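Read through the structure below, which is laid out as structure tokens, and then see the notes.
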Amino acid sequence: MTVTTPHLAPSGGWTDAQLLHALEEVVEKELNRHLKVAKDWMPHEYVPWSDGRNFPGFYEDGEAWDKEQSKVTPIGRTALIVNLLTEDNLPSYHHEIASLFGRDGAWGTWVHRWTAEEGRHGIVMRDYLLTSRAVDPDELERFRMVHMSEGFESDNRHSMLHSVAYVAFQELATRISHRNTGHQSGDPVCDRMLARIATDENLHMVFYRNLLGAAFELAPDLTMQAVRDVVVNFRMPGHGMPGFERAAAQMAIGEVYNLRIHHDDVIQPVLRFLKVMQIDGLGPEGVKAQEELGLYMGGLDAEAAKFDERLAARKARMRERAAKG
């Protein structure tokens with residue numbers, strides 16, 4: 001995509017309401033495309049119900065949880081808890097996007113469809129975790145209560161364009177996190193379940209990515225500024241959950257999600273697909289944002305390279321220890 005001519009904006013510039021109205025046809029087109037390619041699936045079909053047994057409490061035969069009962073690796077347990085707690089805040093996410101995008105027309109239809117699809121993710125993950133005894137159920141519930149009681153407020157709720165830009169990257173980040181969690185889980189059942197969830201997340205990313213591309217055509221300078229702000233200040237939606245920083249560090253070392261993955265598999269693919277760094281015809285603020293985005297990406301790549309070196313050194317030390325017995 002190359003923007004070469006100034007785009008006509010309403011006098012006084014774009015408001016969120018005007019942008020929502022101007023993008024309505026694009027939303028309808030992308031919604032129809034999504035409904036044609038999205039496949040319904042049944043969460044209960046991905047759960048190993050025959051592995052289930054009672055927990056202590058009301059049942060006399062209840063068996064307390066022990067980590068030895070879990071087929072999942074330690075890093076898999078950590079990542080599964082983070083991923084599920086992130087999905088658990090769906091009521092807050094729905095409130096945020098419904099308030100911003102509205103509940104009417106194509107926007108409203110999308111908001112409700114997205115919420116319904118995301119709801120499956122929390123259902124199947126919790127059923128799997130409890131049935132397979134992959135994680136401590138008491139700890140999981142305590143974390144859920146704390147996390148949901150605090151609610152969620154998006155860093156980008158002030159701007160429709162910032163919100164669209166954020167979810168274009170965040171949906172891909174979530175897909176990558178789920179997929180890598182499955183790979184690192186050590187349980188083929190878990191891997192299959194998370195692959196199914198990741199397929200949904202990828203379709204959600206495509207919806208928002210295409211919408212972001214349309215926004216560049218409509219309001220290139222404002223959209224470029226939004227993308228810059230979102231990329232530079234990006235945080236995953238689960239950042240407020242208990243123990244997130246420690247869990248994120250473990251997930252980085254475990255190669256579920258880290259700086260290199262964030263740069264190579266999340267930010268770069270969206271920027272490359274939309275040809276963000278090749279857009280011309282921008283005004284002064286758009287050019288400034290584009291340049292700052294390029295500088296930031298260079299710095300992020302350099303930080304990722306440093307992380308790669310530290311991770312490689314850590315793996316070498318671990319191999320050395322293992323060799324010594």
Side-chain angles (χ1 to χ4, degrees), residues 48 51 64-86 125 128-129 132-140 142-143 169-170 172-195 197-198 201-202 231-232 234-269 271-272 295-325:
D51 291 348
W65 182 82
D66 187 280
K67 66 180 181 180
E68 297 302 321
Q69 299 165 354
S70 175
K71 300 176 183 177
V72 173
T73 61
I75 184 58
R77 284 199 296 272
T78 297
L80 280 163
I81 290 172
V82 169
N83 290 356
L84 177 55
L85 292 179
T86 300
M125 289 180 68
Y128 164 79
L129 293 180
S132 66
R133 294 187 170 237
V135 302
D136 182 344
D138 294 341
E139 180 181 63
L140 181 66
R142 285 192 292 268
F143 283 169
F169 295 103
Q170 181 267 320
L172 182 52
T174 304
R175 171 194 177 272
I176 295 296
S177 180
H178 282 311
R179 200 68 193 95
N180 288 343
T181 298
H183 291 330
Q184 301 288 353
S185 69
D187 182 7
V189 175
C190 179
D191 192 23
R192 183 168 58 247
M193 171 194 67
L194 292 177
I197 292 174
E201 302 290 10
N202 196 63
V231 170
V232 169
F234 186 87
R235 296 194 296 175
M236 291 293 274
H239 61 79
M241 68 180 58
F244 178 78
E245 291 185 3
R246 183 170 182 270
Q250 293 173 340
M251 290 167 68
I253 294 171
E255 298 182 87
V256 172
Y257 200 94
N258 55 40
L259 282 176
R260 174 53 64 201
I261 293 170
H262 182 64
H263 177 276
D264 289 1
D265 300 336
V266 177
I267 304 299
Q268 281 285 32
L271 297 181
R272 188 165 51 244
L295 289 172
Y296 176 80
M297 290 302 295
L300 181 62
D301 188 37
E303 287 298 312
K306 293 178 183 177
F307 173 83
D308 291 341
E309 293 174 2
R310 293 194 298 270
L311 184 59
R314 186 178 188 277
K315 288 181 177 180
R317 290 194 299 271
M318 292 176 67
R319 287 194 298 270
E320 184 177 347
R321 292 194 199 104
K324 292 179 179 178

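For reference, positions follow the sequence shown, starting with 1. Since we're looking at a predicted model, the values are computed, not measured.
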Quiz item: Are any non-hydrogen side-chain atoms of M251 and N258 less than 4.5 angstrom apart?
Solution: no
- Task: Under the side-chain contact (heavy atoms from CB on, under 4.5 Å) rule, what do D187 and Y128 come out as? Steps first, then yes or no, please.
- Result: CA-CA 11 Å; D187 182 7; Y128 164 79; 2.5 Å; yes
Worksheet item: Mind checking whether I75 and V256 have side chains closer than 4.5 Å, heavy atoms only?
Response: yes
Only residue of Q184, K315, R260 satisfying side chain to side chain donor-acceptor pair (under 3.5 Å) with E255 is K315
Taken to the nearest 0.5 Å, the spacing of H262 NE2 from M236 CE works out to 9.0 Å
Do the side chains of K306 and E309 get close enough for a salt bridge, i.e. N-O under 4.0 angstrom? no
Between P188 and G186 the two heavy atoms that sit nearest each other are CD-O, 3.9 Å
On a heavy-atom basis, the closest approach of D265 and L172 is O-CD2, 3.4 Å
What's the verdict on salt bridge (charged side-chain N to carboxylate O under 4.0 Å, His left out) for E320 and R317, showing C-alpha distance, side-chain angles and the deciding distance?
CA-CA 5 Å; E320 184 177 347; R317 290 194 299 271; over 6 Å; no
| request: Determine, step by step, whether D191 and R179 satisfy the side-chain contact (heavy atoms from CB on, under 4.5 Å) criterion, reporting the C-alpha distance in whole Å, the side-chain angles of both residues, the deciding distance to 0.1 Å, and the verdict. | output: CA-CA 7 Å; D191 192 23; R179 200 68 193 95; 2.9 Å; yes
Distance col, row D264:CG vs L259:CG, nearest 0.5 angstrom, shows 10.5 Å
| message | Side chains of F143 and V82, heavy atoms from C-beta outward: is any pair under 4.5 Å? | response | no
ask   = Would a 4.5 Å heavy-atom cut-off, applied to side chains only, mark S132 and V189 as touching?
value = no
Check your understanding: Going by heavy atoms in the side chains, are W65 and E139 under 4.5 Å from each other?
Key -> no
Determine whether a donor-acceptor pair (N or O, by modelled atom type, separation under 3.5 Å) exists between the side chain of R77 and the backbone of V72. yes
Quiz item: Between S177 (side chain) and A173 (backbone), is there a donor-acceptor pair under 3.5 Å?
Solution: no
Value for NE2 (H263) from CG (L300), rounded to nearest 0.5 Å, stands at 5.5 Å
Distance col, row L129:CG vs L84:CG, nearest 0.5 angstrom, shows 6.0 Å
Less than 4.5 Å apart, any side-chain heavy atom of T86 and any of H178?
no
Hey, mind stepping through L85 and I81 against side-chain contact (heavy atoms from CB on, under 4.5 Å) and telling me if it holds? CA-CA 6 Å; L85 292 179; I81 290 172; 3.8 Å; yes
### Query
Does a side-chain heavy-atom distance below 4.5 Å link Q268 with M297?
yes
To the nearest 0.5 Å, atom OG1 of T73 lies from atom NE2 of H183 at 13.0 Å
Tightest non-hydrogen contact, residues I176 and Y257, listed as CG2-CD1, 4.4 Å
**Study point:** Polar contact flag, side-chain donor to acceptor under 3.5 angstrom, Q250-T78
**Key:** yes
Notebook entry, point to check: Distance-only, no hydrogens or angles: does the Q170 side chain make a donor-acceptor pair with backbone N or O of F234 under 3.5 Å?
Noted result: no
Review point. Do the non-hydrogen side-chain atoms of S185 and L194 ever get within less than 4.5 Å of each other?
Key: no
